[in-house]
Amino acid sequence: MPALELPADVEEALRPRRGDQFPPWQHRDDPDEGAPSPFFLPSPSFSSTVTNRLKGLSIFLYNVLIFFSLLAVFSLLSISQLPALVAFFLAKSRKRPKVNRLHMPYAEQVKALGKFLGRDLKEPQVLPLTVAEMHALLSTEDLELEAALFDYANSVTESVFGPRVSFRGIIEFSNICVKDCGYCGIRKHRQVSRYAMKKDEMVEGALWAFDHGYGSLMLQSGELPTESRQAFMVDTIKEIKRATKEKELKNGVPPEKVRGMGVAIGLGELSRQEYQELFDAGAHRYLLRIETSNPDLYARLHPSNHSWENRRRCLQDLKEIGYQVGTGIMIALPGQTFTDLANDLKFFRDIEADMIGCGPYIVQEDTPVGKAWLEKHPKEGFKELAYHNELLDLTCRFLALARITLGDVNISATTALQAINPVGREIALGRGANQLMPILTTTTYRQNYQLYAGKPCIDEGHEDCRSCLTKRVEFAGKKLHLNDWADPPSWFRRRGLTPWTASIPPTPVKIAADAIETTSM
Ligand code: 5AD
């Protein structure tokens with residue numbers, strides 16, 4: 001790819017600045033009432049390997065001893081006593097439950113969850129859980145309770161959306177970023193080839209998505225608060241709306257129902273006026289992750305010129321302007337505790353978020369946070385599979401709790417889940433999530449939008465992502481919902497409004513018919 005020539009105002013925005021310096025990382029002891037920090041898994045060092053070998057030897061000797069003792073006892077018993085002994089052991093083994101308690105019926109699960117929470121649960125309902133209750137459910141070691149939590153969350157999801165899963169096509173249109181977030185693969189101080197898609201390429205992607213029944217589009221990029229970028233975005237959003245409205249008219253939608261494609265944006269921290277201009281251009285959703293609701297942890301993950309308070313201010317501005325606001329965090333960040341996670345859930349509830357996008361933190365090697373993480377988890381001896389399984393479970397517990405406590409919001413099964421488990425996104429769809437984000441970024445650019453190592457789908461095209469995700473929806477036992485903006489019902493509920501009826505006519509999409517549910521007109 002040819003090197004990108006940056007305009008003067010972009011060069012200026014990217015110039016090194018005071019406060020850019022990343023704070024030296026200090027591991028802190030977990031202040032979380034003795035609970036282990038969720039990201040921590042012991043990785044055996046050399047000395048612990050020796051200890052493990054010694055432990056293994058002693059277990060072996062112990063077993064030998066038991067064996068010979070039993071042999072001695074049996075030889076002392078007369079043959080006539082043996083049948084009684086056998087009968088005794090048989091009777092004992094019959095008492096053992098033969099069912100797998102993790103697959104207990106739904107009603108029993110509801111009871112188990114209700115008992116744990118000390119509430120009489122009526123199924124399914126939104127629960128105003130306290131931080132302590134959420135902490136307990138995030139950190140429980142009881143797998144039956146975990147299964148109950150997942151199934152209950154799925155029942156809440158289905159009570160709102162039925163089995164429907166919607167798509168938001170995402171175009172990651174530029175990786176140029178003035179921010180220097182310590183964990184991110186496209187941070188200002190990381191060597192990556194920078195790109196910015198052209199308006200035509202973006203509109204083309206949007207029209208492709210529209211023709212394939214995606215009701216909504218998400219335009220995402222690194223943060224670049226320059227006048228030229230702002231003008232470019234206003235222009236591009238207007239053009240996407242214009243072109244998709246024109247298509248709707250051609251498809252026979254009555255003029256009063258024409259709305260064009262739903263446009264969501266994620267461009268980072270901007271001024272209130274800039275947000276307003278983008279809203280006026282036609283964007284109606286904004287996604288800005290708070291990353292963590294704990295300002296202290298935020299400060300440890302970002303350079304000193306990044307401000308948690310400003311991020312919070314942005315969310316407030318976006319709400320006041322009238323956007324449907326989405327936010328989220330990363331799960332298992334170094335230094336994050338269960339208390340932080342429970343407070344994150346409370347934060348979503350307090351700010352009345354309408355969309356939630358959360359995923360596991362994934363190590364990006366040459367970043368300050370990634371380096372600190374690797375120091376604590378040296379590759380040698382690190383049990384990656386076990387770690388990823390724990391991470392998937394923790395992420396799903398978090399999403400399940402988001403569903404149970406927030407109810408009718410949209411929750412994404414994010415791409416990062418697939419980086420830790422090949423079917424991570426499908427699993428999340430059965431545990432609280434209700435939407436997927438197929439990538440629409442032009443394939444040649446994808447490898448340079450790797451926010452974290454191992455990002456999936458980077459050598460695929462639009463069509464691959466669509467058919468792959470369609471199959472994934474089927475696999476999760478859900479139905480793909482097309483031709484609809486699929487707005488979060490919470491946004492309407494809070495305003496006492498009835499959700500829009502879809503205005504986009506079903507386009508002839510070639511996907512297995514039984515996997516799709518199109519909105520009736
Ligand atoms: N692991 C997981 N998610 C990441 N993001 C950035 N870096 C990483 C990483 N290493 C997420 C941030 C950001 C979003 C666009 O991507 O939460 O808001």
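All values below were derived from every heavy atom in this structure, side-chain atoms included, with hydrogens, water molecules and symmetry-related copies excluded. Order of listing sets the numbers, starting from 1, for every ligand and every atom in it.
Taking a heavy-atom cut-off of under 4.0 Å, ligand 1 is surrounded by Tyr183, Cys184, Gln220, Arg289, Glu291, Met330, Pro360, Tyr361, Ile362, Leu451, Tyr452.
Centroid-to-centroid, the aromatic rings of Tyr183 and His302 come within less than 6.0 Å. Taking the centre of each ring, Trp485 and Phe210 stay at or above the 6.0 Å mark.
Under the side chain to side chain donor-acceptor pair (under 3.5 Å) criterion, Arg349 pairs with no residue, sequence neighbours left out.
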- Could you check Thr157 against Asn154 for side-chain hydrogen bond (donor to acceptor under 3.5 Å, both in side chains), going step by step and ending with a plain yes or no? CA-CA 5 Å; Thr157 313; Asn154 191 39; 4.6 Å; no

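Using a cut-off of 4.0 Å between Lys/Arg side-chain N and Asp/Glu carboxylate O, Glu146 and Arg431 are scored as not salt-bridged. A salt bridge between Glu365 and Lys371 is absent, with no side-chain N of the basic residue lying under 4.0 Å from a carboxylate O of the acidic one.
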